[in-house]
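Heads up, the thing below is written out as structure tokens.
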Number of protein chains: 2
Amino acid sequence: MEQIHDSGKRCLSILSSDENEELYSKSNSLNFEAGELIIKKGTPVNNIYFLKSGIVELSLNEAPHRQILNLLFDGEFIGINCVFSTAQYRFSARALTNCSIELLDKETFTKLLKANSTLSMAFIQYISWVNEGFLNWQMKLKEKNSAGALAFLISEFQKNFDSNSFEIPLTRQEMARIIGFSKESVLKNLADFRKEGLIDSNGKSITIIDASRLEEIAKYG
Amino acid sequence: MEQIHDSGKRCLSILSSDENEELYSKSNSLNFEAGELIIKKGTPVNNIYFLKSGIVELSLNEAPHRQILNLLFDGEFIGINCVFSTAQYRFSARALTNCSIELLDKETFTKLLKANSTLSMAFIQYISWVNEGFLNWQMKLKEKNSAGALAFLISEFQKNFDSNSFEIPLTRQEMARIIGFSKESVLKNLADFRKEGLIDSNGKSITIIDASRLEEIAKYG
DNA sequence: TTACGCAGGTGTAAAATTACACCCTCTGAT
DNA sequence: ATCAGAGGGTGTAATTTTACACCTGCGTAA
């Protein structure tokens with residue numbers, strides 16, 4: 001009951017082998033290349049997208065001033081709030097890196113949810129957890145200035161890479177749209193971070209040099 | 001399946017009379033006065049708060065620079081994301097007006113969720129819908145300037161009052177914390193709205209004079 | 001090869017927002 | 001009756017952020 005979710009994977013791991021077979025017999029594996037559109041806003045919700053690997057961006061509009069809602073990493077369901085609350089997806093999902101996705105059949109998954117109360121409870125826990133996390137992420141971004149928000153974004157990426165050197169698969173413009181500041185603010189803050197020896201960056205590659213000072217800026221200011 | 005929720009009330013209306021009796025035999029009715037703390041951050045999650053009447057504010061911290069997450073109106077569950085994903089509430093809830101709350105027993109509600117798949121599906125739909133709505137609200141606020149965000153907030157209140165004259169149970173400071181701008185920005189924009197004949201305001205009372213122009217500002221700028 | 005577009009990058013001016021200082025009024029406590 | 005505190009309100013200065021202008025390098029399509 002009080003179990004903490006680490007991702008949507010746990011929901012699928014609950015299924016018995018029979019249930020698993022039923023679900024997967026009607027599902028498809030899809031691969032998307034970096035930059036490809038996975039879900040277009042307005043698409044009817046007939047399937048459930050499970051992100052097996054890669055990074056996905058959710059945005060309210062496709063172009064040109066799209067506001068980026070959220071980033072999803074592997075093990076998550078994509079746009080799960082829309083699946084059971086609206087007939088159409090209310091945002092677009094785009095692959096930031098190459099992505100491997102399992103396209104589950106919504107009807108079959110719904111049938112399993114109704115039949116298996118362990119699954120439905122795990123699923124309730126999962127969507128509660130994922131939304132709580134999203135809410136926290138948004139609030140943390142909201143209370144920061146541009147430098148703090150950028151440092152926070154970089155720190156969040158570091159957590160998913162487990163190394164001080166990694167590639168952020170976002171343009172400066174996209175980073176700006178995630179943190180809610182202008183492209184120039186992102187560039188100027190990155191330049192400041194470099195000058196102050198907090199990071200080294202070259203295009204999309206980034207190396208964190210002084211993680212503790214970066215964390216400090218991410219916390220506020 | 002594709003049914004659109006109007007609030008959390010629908011979940012409770014699904015229960016059979018036996019189930020209803022079981023749930024309510026272990027629940028308590030509570031009344032809070034305007035300003036009272038309903039849930040303190042860190043409180044263990046043993047109950048489910050259902051808001052029968054009134055307006056509630058959720059915030060990350062109590063004092064002094066608390067960031068206000070969201071407003072809840074009657075018919076909603078309070079802090080429902082925390083109930084099934086964490087052991088403690090991760091924010092505080094405060095009554096903005098006098099509130100009437102039904103305090104449901106979490107164990108009993110969980111038992112009913114497991115036993116009644118119609119309820120569990122309705123509940124999944126409900127939390128999806130409420131989170132989707134919250135996400136939309138946040139995104140709309142995020143893309144606006146201070147005037148647009150304030151106009152948007154006022155318009156949202158109007159929807160819940162169904163009249164052009166109503167009371168907003170928030171101080172200017174609280175309005176500022178909801179829309180993410182300073183107290184002075186709120187005051188200056190209110191003064192501008194008055195000067196331009198969009199609204200009339202006196203303390204917490206507000207009368208909307210030119211609803212269409214206010215909506216226009218709320219949409220952007 | 002050229003030329004175009006895209007992304008990174010930077011300086012400066014303009015605009016928006018915040019911070020500060022201070023005013024008034026009301027209300028509740030001493 | 002008076003005093004303190006909270007909330008509404010406004011002007012001005014400081015700060016932050018955006019907008020604009022422009023430069024660079026790189027890849028790629030003609």
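In what follows, every chain begins at residue 1, and chains take the letters A, B, ... in the order their sequences are listed.
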B:Ser85-A:Gln125 side chain donor-acceptor pair, cut-off 3.5 Å = no
State whether a side-chain donor-acceptor pair under 3.5 Å links A:Asn189 with A:Ser146.
-> yes
Does the cation-pi check pass for B:Lys144 over B:Phe152, that is, NZ or CZ under 6.0 Å from the six-membered ring centre and within 45° of its axis?
-> yes
Run the side-chain donor-acceptor check on residues 193-204 of chain B: report pairs under 3.5 Å with partners two or more places apart or on a different chain.
| unit_1 | atom_1 | unit_2 | atom_2 | d |
| --- | --- | --- | --- | --- |
| B:Arg194 | NH1 | B:Ser201 | OG | 2.7 |

Aromatic ring proximity, centroids under 6.0 angstrom, A:Phe84 and B:Trp129 | no
Below 6.0 angstrom between ring centroids: does that apply to A:Phe123 and A:Phe109?
-> yes
Going through the checks in order, is the side-chain hydrogen bond (donor to acceptor under 3.5 Å, both in side chains) test met by B:Ser212 and B:Asp210?
-> CA-CA 6 Å; B:Ser212 64; B:Asp210 191 337; 3.2 Å; yes
Within residues 185-192 of chain B, find the residues that approach DNA chain D with a heavy atom at under 4.0 Å, and present them sorted by residue number.
-> B:Leu187, B:Lys188, B:Ala191
Backbone N/O of A:Phe181 and side chain of A:Ser185: donor-acceptor pair under 3.5 Å = no
Does B:Gln138 reach the main-chain N or O of B:Leu135 with its side chain, forming a donor-acceptor pair under 3.5 Å?
-> no
With sequence neighbours excluded, residues passing side-chain contact (heavy atoms from CB on, under 4.5 Å) with A:Lys26 = A:Asp105, A:Thr108
Check whether any side-chain nitrogen or oxygen of A:Ser182 sits under 4.0 Å from OP1 or OP2 of D:dT17, and answer yes or no.
-> no
Report, one pair per line, the protein and nucleotides 21-28 of chain D atoms (nitrogen or oxygen only) whose separation is under 3.5 Å.
none

Contacts of B:Phe134 meeting ring-ring contact (aromatic ring centres under 6.0 Å, His included) (sequence neighbours excluded), chain-then-number -> none
Given DNA chain D, 5'-ward residue of the pair B:Lys204 and A:Ser146, judged by closest heavy atom | B:Lys204
On DNA chain D, more 5' by nearest nucleotide between B:Leu170 and B:Lys195 is B:Leu170
To the nearest Å, give me how far apart [atom1] ([X]) and [atom2] ([N]) are.
{"X": "B:Phe193", "N": "D:dG8", "atom1": "CZ", "atom2": "C1'", "value": "17 Å"}
{"X": "B:Gln173", "N": "D:dA6", "atom1": "CD", "atom2": "C1'", "value": "11 Å"}
{"X": "A:Arg172", "N": "D:dT18", "atom1": "CZ", "atom2": "C1'", "value": "19 Å"}

Contact boundaries of DNA chain C with chain B (under 4.0 Å, heavy atoms), 5' to 3'?
-> C:dT17 to C:dC20
